[in-house]
Number of protein chains: 4
Amino acid sequence: MKHVAVLGAGRIGRIHATNLSQLAGITLSAVCDTAPDMAESLAQRLNTQARSIDAVFADPTIDAVVIASPTSTHSDLIQRSAQAGKHIFCEKPIDLSTQRALACATSVEQAGVACMLGFQRRFDPTFESIQQRLARGDIGKAEMLIITSRDPGAPPVDYLRQSGGVFRDMLIHDFDMFRWMLDDDAVWLSATGACLTDPAIAEAGDIDSAVVSIRTRSGRLCQINTSRRAAYGYDQRLEVLGSTGLLAAGNVRPVEVTHMDANGTTGANPEAFFLERYRVAYQRELAHFFETLQSGGAFRTSIHDGVAAQRLADAAAQSLATGQAVQLDAAEGSSKPRSGAAA
Amino acid sequence: MKHVAVLGAGRIGRIHATNLSQLAGITLSAVCDTAPDMAESLAQRLNTQARSIDAVFADPTIDAVVIASPTSTHSDLIQRSAQAGKHIFCEKPIDLSTQRALACATSVEQAGVACMLGFQRRFDPTFESIQQRLARGDIGKAEMLIITSRDPGAPPVDYLRQSGGVFRDMLIHDFDMFRWMLDDDAVWLSATGACLTDPAIAEAGDIDSAVVSIRTRSGRLCQINTSRRAAYGYDQRLEVLGSTGLLAAGNVRPVEVTHMDANGTTGANPEAFFLERYRVAYQRELAHFFETLQSGGAFRTSIHDGVAAQRLADAAAQSLATGQAVQLDAAEGSSKPRSGAAA
Amino acid sequence: MKHVAVLGAGRIGRIHATNLSQLAGITLSAVCDTAPDMAESLAQRLNTQARSIDAVFADPTIDAVVIASPTSTHSDLIQRSAQAGKHIFCEKPIDLSTQRALACATSVEQAGVACMLGFQRRFDPTFESIQQRLARGDIGKAEMLIITSRDPGAPPVDYLRQSGGVFRDMLIHDFDMFRWMLDDDAVWLSATGACLTDPAIAEAGDIDSAVVSIRTRSGRLCQINTSRRAAYGYDQRLEVLGSTGLLAAGNVRPVEVTHMDANGTTGANPEAFFLERYRVAYQRELAHFFETLQSGGAFRTSIHDGVAAQRLADAAAQSLATGQAVQLDAAEGSSKPRSGAAA
Amino acid sequence: MKHVAVLGAGRIGRIHATNLSQLAGITLSAVCDTAPDMAESLAQRLNTQARSIDAVFADPTIDAVVIASPTSTHSDLIQRSAQAGKHIFCEKPIDLSTQRALACATSVEQAGVACMLGFQRRFDPTFESIQQRLARGDIGKAEMLIITSRDPGAPPVDYLRQSGGVFRDMLIHDFDMFRWMLDDDAVWLSATGACLTDPAIAEAGDIDSAVVSIRTRSGRLCQINTSRRAAYGYDQRLEVLGSTGLLAAGNVRPVEVTHMDANGTTGANPEAFFLERYRVAYQRELAHFFETLQSGGAFRTSIHDGVAAQRLADAAAQSLATGQAVQLDAAEGSSKPRSGAAA
């Protein structure tokens, strides 16, 4: 039985805490939040305790923490968790500064704790099936990846102001998908974008619409397109062209209902947003975390994957700012090492 | 907090017990099975007790039972549960004899307990959406219902021998769908079929392929087609033609992956079988049972719905046996009264 | 070079005449119509002559006729064409009376001319692909056929009054599909229906909604459902369940456009009606007629196929009238002989 | 009655000549080819004459020419046709040199003849429907265009060597689609690519896989991805994200057949290649040419559209060569003027 604390009782913290409470072999020992009310109400609902973060770090019976607090607190909590000898599951991103993210990776390695990053899309059954079929050669050699990643609507401008920008906040997941699907180093990246949906986003220094192109060391190509606003819902698709075929991930719908009338043949829109779309992925990533802690193998999404995705986000931000393509040092943008788990 | 016992620790009993253990406000107080090992192992997994059925009936703290034992035991358990004053959730069918099923309905009414029948398809989000859209007039007046209901493979012949035949065992769900979707009385029914997939099924006195046509009092039409074997998986579709359009329920797939190569464009097959296809429906029907017990309203699927579906199955069996259409007495085949819940 | 006359310059006659004018190796020598204006205007458009039917029959240079006149004239024109030694392509049906249809078949055989019936659906690329794949065993042994056949709207009641009823006028095509796809003799048929869309249809002695079930000698099953009104357009689908899989024919759309917005994901409706849906099939059936005349082989759709489909329509009409299933004499309802072409 | 000559009796010349021969009001007066056999055989098949190009230019009864000869001859033939006072329908591209293409545009204007360029995709019913729905505001304001443009296989390397490269030879159509769909000036373009499918293509100095990103003056974004090889056939899709929704053009299939078995649910692949995919578009573009000549309006695809698309192809080639994004002078890359037709 592993004992776990969830740090952060906001939206994503509640998801993780609830999923933990249904995992066999796991005891949810504490939930923490700087807002005591939120911690308390979550604790009551899940029949556990609201405790202070200090108490969690000081409690030797707690094996692992799930960091689900605001981004600005991640690097500090990772480092304190590492020092306290707790295994770490951390929501993305590690830190808006790639420098600090690297420092976190170093701390984790030095402390000898395991650290998994919450790139939940790698645990989505549809994307996982694509990756497995790529790996077993179902379409020969992968040549081109096209990712469509659109949110149903933008978050509040206050959030955007400290989000690190659309590449670090939103496309970080897509950069990770690129790395996972093509399993190759980016050597060239070009990005552009605009603010088309809401002038307030431009005033906050961000864009809402962007396109990115990447070429890898072996010449494979990737295109990512994104928007903060898709009127029809959360649009999460990708396709990989290979030498002998194509694999495509379509959207998931809440119901399989078709309505036909004089106006056309209408089906349901995609799941509304990430909590619905990745409901199963959030469950599966936590199960993977504990299974991997148990087995001692490598996490599917290590802290190094987080750093590598962030480097691509940095390059995209630079390309947007300069209007020019960016050459990537493969050594830095490298996807290796891939893992960082411990027993 | 309601206290509940699950009677039967087989496949469907385990599903219900697990779902109960995750419902807020419910305590799973006992699981029972004539095979003590199965009851014990389920009880341990869900942190409850294996008890005898007699002990359950004698325990005044237990409010309700979930009957998930073999069909042949249903009517006896319903009647004993009613006498013991327990509210009842019972898997379909009530009994292979419509006579005995009616007796159960009478017992339940006399005892004043609530009794809901497990027609889980009414709790499937896709079918529920269709029914709601029909009810609000999205396609005008419903005129014709086409149901495709195919299993991936036949159960063991030993099971088939005592199943009551394909109409009572398998199409009972589709007869219930007919009643729910068209909300009208059947007045004419014709059925035919054959044994095409396995001679052992014919030797057991059953068929594996069947088609049924129904006409209702107001002239609405329904066709049901079924097979015990669909090589591509569990096929559960229906469509309703209305005066201003059509509503169709498609199959649900486990992943949204498309593979294209020289041989064509290939997507995933439907969910494998009913446990996968109706996973959410099984959760939702139990939640409905307890919410309705609480609210005192009518169940969506009462014991009377079970009786009415069985009458249609009887008529289909008669039509198959005689080679002739059957006129239904609307008074008997009536879909009223619909409910039977109590506070 | 074959010389051909088209008898009838109405809607379907114009289609056939236009298609003939674009066939290599064919000279459209005459068009005939009891309305001289229509014949004249069609002749001018296609650069041919409007002539009387008598002149056509008397002209020894004319090899073949395409009968596209009203149904009530078919049997007379078939018999006169046969006597005149012209090969015959005739629109369905042969005649509303199966007796007279049989007499036509006899006349044709005695005269030694070739006679092909215009069941154009057998020349639709989608249905043809299904039939070929069935024949080569792509789904093992066929077990069950489901046909959906819905018109966008009913023809004028004046037409319906002399149409022979929905089974002979509309479902005749579906009965032919049944025979082509399952290649087996019907031994049991049950039909029911109602008038749901327009009381004027009932006053004309017809129904607009019908369902038919058929069982074949070897136990294969078929269900057909039909309506004179589908608000979303012309609905022409079928599916065949076989021992190792399923083959389904979907609707054909005029454009492949998808529109997504807050209301859902909407695609185009099917082609509007039979002239659009079967545009290519009408071209291909005429090409087949002349190729087969040339090669001396058997037509895909002989006059005997027309008689056999009509027997099924008669049986359906009888079942509807009596409320009882009909046993079919396989010898009469036989699908053999299949062909009747000559060199 | 317009009299027309087709210059070039190769694959595309035969398509145009056949389509002309079925257009009402058009006389196909001559076909020309430097290979007399090909001209002769085509002329015979279509019941017209094989003549020399000089004879065509000298014949005052000929109103218009369709230029379907090799690309290297286009600019010369355009200029000679213009001087001879013939209206011109010319296959894309005008000339591999944008300089010479511009000179052609000048010649045409000075001669006062009409000149339409064969961007047939604008006459495809699916793409046309998208463009019309964009124009009428069905998805609000267009923000982002994603184009997938993949051939089933590369042409012979000998062809590639003189093709002008993948951007001028293949993506010219997609650049035209970009201009038509977004109706805005490109100001920034970035392209990259690789040779992944066949080293012989690299030896010929070309690539086979490419991605292009474009930003317009008003910030709209476009991504194009392409490959010379898609194992599953000709892949021609696009989608436009707008402020209130999305419009997507899917592939067109030759049949609507679905096959399900234990391996999945398989549908037909897209039409094999451009001759099949754009069969109707080739017919409609010629009809448009003559209708517009008649009406005196503007062509949907003028010679200026050809020049503008070529400028984007030049910019893409430059970006690929330099590894850097290209700023486009909107005045040069301008999409205006759009038309150039005369009466």
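Just so it is clear: chains get the letters A, B, ... in the order the sequence lines come, proteins before strands, and each one is counted from 1.
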*Specify the closest pair of heavy atoms between D:Glu256 and C:Asn251, including all atoms of both residues, with the distance to one decimal.*
CG-O, 3.3 Å
*Side chain of D:His259, backbone of C:Asp138: donor and acceptor closer than 3.5 Å?*
yes
_Minimal non-hydrogen separation, C:Pro254 against D:Pro125, with atom names_ = O-CB, 4.4 Å
*Within the side chain of D:Thr126, is there an N or O that forms a donor-acceptor pair under 3.5 Å with the backbone of C:Val257?*
no
*So which part of C:Arg253 gets closer than 4.5 Å to some heavy atom of chain D, the side chain, the backbone, both or neither?*
side chain
_Let's test your reading of the structure: which of C:Gly250, C:Ala248, C:Ala268 forms the most heavy-atom pairs below 4.5 Å with chain D?_
C:Ala248
*Select one option (side chain, backbone, both, neither) describing which atoms of C:Arg133 are under 4.5 Å from chain D's heavy atoms.*
side chain
*Under 4.5 Å heavy-atom distance to chain D, tell me which part of C:Asp124 shows up: side chain, backbone, both or neither.*
neither
*asked:* Among C:Leu241, C:Leu247, C:Thr244, C:Asp261, which residue has the highest count of heavy-atom pairs closer than 4.5 Å to chain D?
replied: C:Leu247
